[in-house]
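Worksheet: one structure, shown below.
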Number of protein chains: 2
Amino acid sequence: MTVSGHQLIGQTSHQGDQAALEPVDPATGKRLEPDFPGASRKDIEQACSLALEAFGEYRETSLEARANFLETIATEIEALGPGLIERAMAETGLPKGRIEGERGRTCGQLRLFASVVRDGEWLDVRVDPALPERQPMPRLDLRQRHIAVGPVAVFGASNFPLAFSVAGGDTASALAAGCPVVVKGHPGHPGTSELVGRAIQQAAKACQMPNGVFSLLFGVGNEIGQALVANPCIQAVGFTGSRRGGLALAAIAQQRSVPIPVFAEMSSINPVFILPEAVAARTGSLAKEFAVSLSMGAGQFCTNPGLIIGCRGKALEAFKQAATDAVAQADAQTMLTSDIHAAYTQGIERLSGNANVQCLASGEEGVVSNACQPRLFTAHASDFLIDETLQQEVFGAASLIIECEGLEEMQRVAESLEGQLTATLHMDEGDMGAAQSLLPILETKVGRILVNGWPTGVEVCHAMVHGGPFPATSDSRTTSVGSAAIRRFLRPVCYQNFPDALRPHALKEANPYRLHRLLDGEREA
Amino acid sequence: MTVSGHQLIGQTSHQGDQAALEPVDPATGKRLEPDFPGASRKDIEQACSLALEAFGEYRETSLEARANFLETIATEIEALGPGLIERAMAETGLPKGRIEGERGRTCGQLRLFASVVRDGEWLDVRVDPALPERQPMPRLDLRQRHIAVGPVAVFGASNFPLAFSVAGGDTASALAAGCPVVVKGHPGHPGTSELVGRAIQQAAKACQMPNGVFSLLFGVGNEIGQALVANPCIQAVGFTGSRRGGLALAAIAQQRSVPIPVFAEMSSINPVFILPEAVAARTGSLAKEFAVSLSMGAGQFCTNPGLIIGCRGKALEAFKQAATDAVAQADAQTMLTSDIHAAYTQGIERLSGNANVQCLASGEEGVVSNACQPRLFTAHASDFLIDETLQQEVFGAASLIIECEGLEEMQRVAESLEGQLTATLHMDEGDMGAAQSLLPILETKVGRILVNGWPTGVEVCHAMVHGGPFPATSDSRTTSVGSAAIRRFLRPVCYQNFPDALRPHALKEANPYRLHRLLDGEREA
């Protein structure tokens, strides 16, 4: 399949007529063909109104038909073969193994959501049967199911050109919920986006899904995204990116005459607490693992370990030395775009210019364009506690080691943190008391807590929470990874005293989907 | 127990020092003793910081301890005896039977949430066990539970002085979730509020709950509420009231440096579609039931039937005549406050002054103060479709019959509606096709759909949805009545690779709460 530079609207495609995206290989600075002329207002409106037209039919597709659609998308993405891998590598500077792994994750995620759809747990069916003899008043039959909220606007993220982009977690979970999707393609990888978008188009056609169940728009600047969020057909938004971007979209969504939810995953520095016994016992391996987690993929992960917190002492000194050595040897990989590289450079300058921050290590400079030179800094907890700028995310392979006087100061550092996606405890048995004292603080600050691991690498499963209190996300009650991500795009409806013939399929007396319903408050086996 | 006019802060109480609330009997206009001098800034801050202090301990109380606390609140409310009933009658003008029934509902609701807490379904525990042999990468053990979001501000509503007030659904569900609660008492029934607040204080003491798990503040104007929502200790808001009030609080919540969710239940006119066969078969009984539902409690229900939609014809004419007769005979009851009565009068004047609206009936004028004279109006669908003012809620016993040319126009009316709490279909077997054509439209507009009933009377159960798309509520994914209301105050946290000793009780390997966990995506029996 070749890349055409077209907007994909329902089952059609055509060239936009606005200012063009001009894709670039960030590793070489070379232009990539073709240009992507931007979507017009009319394109946006058409994509949104088609999505609304498709909504009525799509949200009531059978569980099997919808699951099959998701699986067919995965098959069609795989059928794109090496062309997709090559285009993604050229547009992002990410290595082949990483892109191939990400394709596997993306298709695995689509298949997970297919199984979630078939299982029907997400319908959350509740039945409170009629109690005609109840005194003083009889109870009528009441049943609840969840339905899709409506068309969803999804913003592709730069750092996962497959898994958080056109067919990524937001799209997969919205389609699984029964919501048509209009994607705003990320300008960093439009060719990759188009290829995946055409695979979805293909799957929608093969599965006879309604026209408009999926569209994909491209363009420069923020106008397309703003118009999408403001469009009255759109009922929810999925976004992964910067805090500024997420807050701007949330503000637009709030100002609509009918406000809608924006599920924005924004910023996180992912504190890692290295507790005394663990540091003493595993100094070298901790430092090496840290450097790997920090510099992998040029540090361009939402869950990159940007903050290490330890207690002053010999063991921490040894860890700092070992981490300095490891980071100094870390590779400089190409960053995703020149804008991201420029922001990284600015962030490094900010930290370097802070009189209370000491630079411990600079990794290799790199020979490619837009190379991310890994950096390691350190500061005292007493300074961290009074300087909010030290909590600002530097997107890329930079981290800051905070030295605390003891456990009590470590707790104060934990308490001072903004909301985060993750927090990590490195601990041995002797650290149990310290871990127990930190846990209640961290639970109120983050979406996922890890023991003896590194936060990069987010498992796509049922128990995952990729979310957390503001500013990690705009809604701490949700996750954007894992099967619970579907809940963002659902709402409950109650049906009172319905004749069985009028009930939706999931609520019929015969329980045709064989759901484990909540029957009068008890879960059915 | 006597009413003191005090602020209740944690286990203490004292008189405020700001402008005083001066409670009034709306049926007589007479002042009721004592005054309630308003809460100071310091009172608000103290209530909020105590709530935050209590949070750590309270959110980790055992399921049994928390359930017992909720049940003890119910017992303490019942122990207030006739004094509570008399005070509530005097402050609201509502009749004895209604207040007694509402007390039963309030205590039943607390006991329902006690059973919900014990059951543990709300924890939504998910376990994805480690897969050490998985290729290419092992999976680590991942577990999820839900935890309380933090202290919640609850705004008592005027129209249910018990069931939607100090110990109402918002408080019960927030306490059930593990959130301390700070209530802003409604100025319409401060004495009732204080009595119930003291019952909660008593229960908290008897159950050895942390000081600050509950506080109750009073005052005139909007400042206390605004300060509460802006206070950084508060993590979520429950509100039932006007659209203007809900939107104002939501705006404050969004402007915080850390925005928080506001769960506001605001306005709804609860359309009732009377389908042709049903109207023809049951003209008289439908009209009578309608007049009862309309005028009950002076129409002061969120789910009052403010809009009746029928198809032109002999049957509808007969229904209009019968409804006119029934409404003309309907009693005029005292409204809750003189402000509410003034707003009702304004709303009636707006409708009466609309050239396209005809007044069909005026009920009895009433002899009490602030009497709500029931009113019935009618208009053509063609006018309704182009005049947004006809969708504005008139809080009280007023309703508007919309006459459609046929089913197609009825569908257009349904499509034109704003978000609602409820929609109702009155239908016979011959109306099935019409009902099936309306259902998909109504599902996207409302939280609850009823067949052959009246929307007033909201069952407190598991399947209930008292919610709906904006402007019925500020978050269509939630309900403020029924066991699912607890979800508003919970967020998921994921625990990765935890040693069992560090895991929270609900996630321990032995499953001590015997929960039906989602184990690797399958529901445990």
Side-chain angles (χ1 to χ4, degrees), chain A residues 56 60 115 119 121 126-128 139-140 142-144 147 149-150 254 258-259 261 419 432 435-436 439-440 443-444 446-453 459 461-465 467 469-470 474-477 479 483-484 490-499 501-502 516 518 520-521 523 525, chain B residues 56 60 115 119 121 126-128 139-140 142-144 147 149-150 254 258-259 261 419 432 435-436 439-440 443-444 446-453 459 461-465 467 469-470 474-477 479 483-484 490-499 501-502 516 518 520-521 523 525:
Chain A
E60 291 297 351
S115 78
D119 186 62
E121 183 80 25
R126 295 162 167 238
V127 177
D128 293 318
R139 182 172 79 185
L140 298 166
L142 288 146
R143 298 177 185 224
Q144 185 190 118
I147 70 169
V149 292
Q254 282 300 317
V258 176
M432 185 57 83
Q436 282 167 334
L439 186 58
E443 285 177 323
T444 66
V446 317
R448 176 167 57 114
I449 306 171
L450 302 81
V451 170
N452 293 335
E459 185 76 34
C461 60
H462 301 282
M464 178 50 63
V465 178
F470 186 91
S474 56
D475 185 344
S476 71
R477 292 171 302 125
T479 174
S483 60
L490 294 166
R491 46 172 282 262
V493 178
C494 174
Y495 301 78
Q496 178 173 321
N497 195 35
F498 266 50
L502 191 60
H516 304 288
L518 199 69
D520 231 345
R523 181 68 60 189
Chain B
E60 291 296 352
S115 78
D119 186 63
E121 183 81 26
R126 295 163 165 236
V127 177
D128 293 318
R139 181 171 81 183
L140 299 166
L142 289 145
R143 297 176 185 224
Q144 185 190 118
I147 70 169
V149 294
Q254 282 299 316
V258 175
M432 185 58 84
Q436 282 168 334
L439 185 58
E443 285 177 323
T444 66
V446 316
R448 176 167 58 115
I449 306 171
L450 302 81
V451 170
N452 294 337
E459 183 76 34
C461 59
H462 302 282
M464 178 50 63
V465 178
F470 186 93
S474 56
D475 185 343
S476 72
R477 291 172 302 124
T479 175
S483 61
L490 295 166
R491 46 172 282 262
V493 177
C494 174
Y495 301 79
Q496 179 173 321
N497 195 38
F498 265 50
L502 191 59
H516 303 288
L518 199 68
D520 231 346
R523 180 67 62 188

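Chain letters run A, B, ... following the sequence lines, proteins first and then strands; every chain starts at 1.
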- Structural part of R139(B) lying under 4.5 Å from a heavy atom of chain A: both
- Partners of L439(A) by side-chain contact (heavy atoms from CB on, under 4.5 Å), sequence neighbours excluded? E443(A), I449(A), Y495(B), F498(B), L502(B)
- For chain B, the option from Q496(A), Q144(A), E121(A) that forms the most heavy-atom pairs under 4.5 Å: Q496(A)
- Query: Relative to chain B, which of T444(A), T479(A), N452(A) shows the most heavy atom pairs under 4.5 Å?
  - Reply: T444(A)
- Query: R477(B): what forms a salt bridge (charged side-chain N to carboxylate O under 4.0 Å, His left out) with it, not counting sequence neighbours?
  - Reply: D475(A), D475(B)
- side-chain contact (heavy atoms from CB on, under 4.5 Å) with C461(B): which of D520(A), V127(A), D128(A)? D128(A)
- Query: Using a cut-off of under 4.5 Å for heavy-atom pairs, which of I147(B), V451(B), L142(B) has the most such pairs with chain A?
  - Reply: V451(B)
- Message: Can you tell me which of G447(B), A525(B), P261(B) forms the most heavy-atom pairs within a distance under 4.5 Å of chain A?
- Response: G447(B)
- Search all heavy atoms of P492(A) against all heavy atoms of S476(B) and return the closest pair with its distance. CD-O, 3.6 Å
- Task: Mind ranking Q254(B), E60(B), H516(B) by heavy-atom pairs under 4.5 Å with chain A and telling me who comes out on top?
- Result: Q254(B)
- Closest approach of C494(B) and A463(A), non-hydrogen atoms and distance? SG-O, 3.3 Å
- Message: For a 4.5 angstrom cut-off between non-hydrogen side-chain atoms, does L140(A) reach E459(B)?
- Response: no
- Heavy-atom proximity to chain A below 4.5 Å, by part of D119(B): side chain
- Which atom names give the shortest non-hydrogen contact between R126(A) and S483(B), and what distance separates them? NH1-OG, 3.1 Å
- Report the option among G150(A), P259(A), G467(A), S115(A) that has the most heavy-atom pairs separated by less than 4.5 Å from atoms of chain B. P259(A)
- N497(B) (side chain) donor-acceptor with L450(A) (main chain) under 3.5 angstrom: no
- Among the options R523(A), R143(A), M464(A), H462(A), pick out the one with the most heavy-atom pairs lying under 4.5 Å from chain B. H462(A)
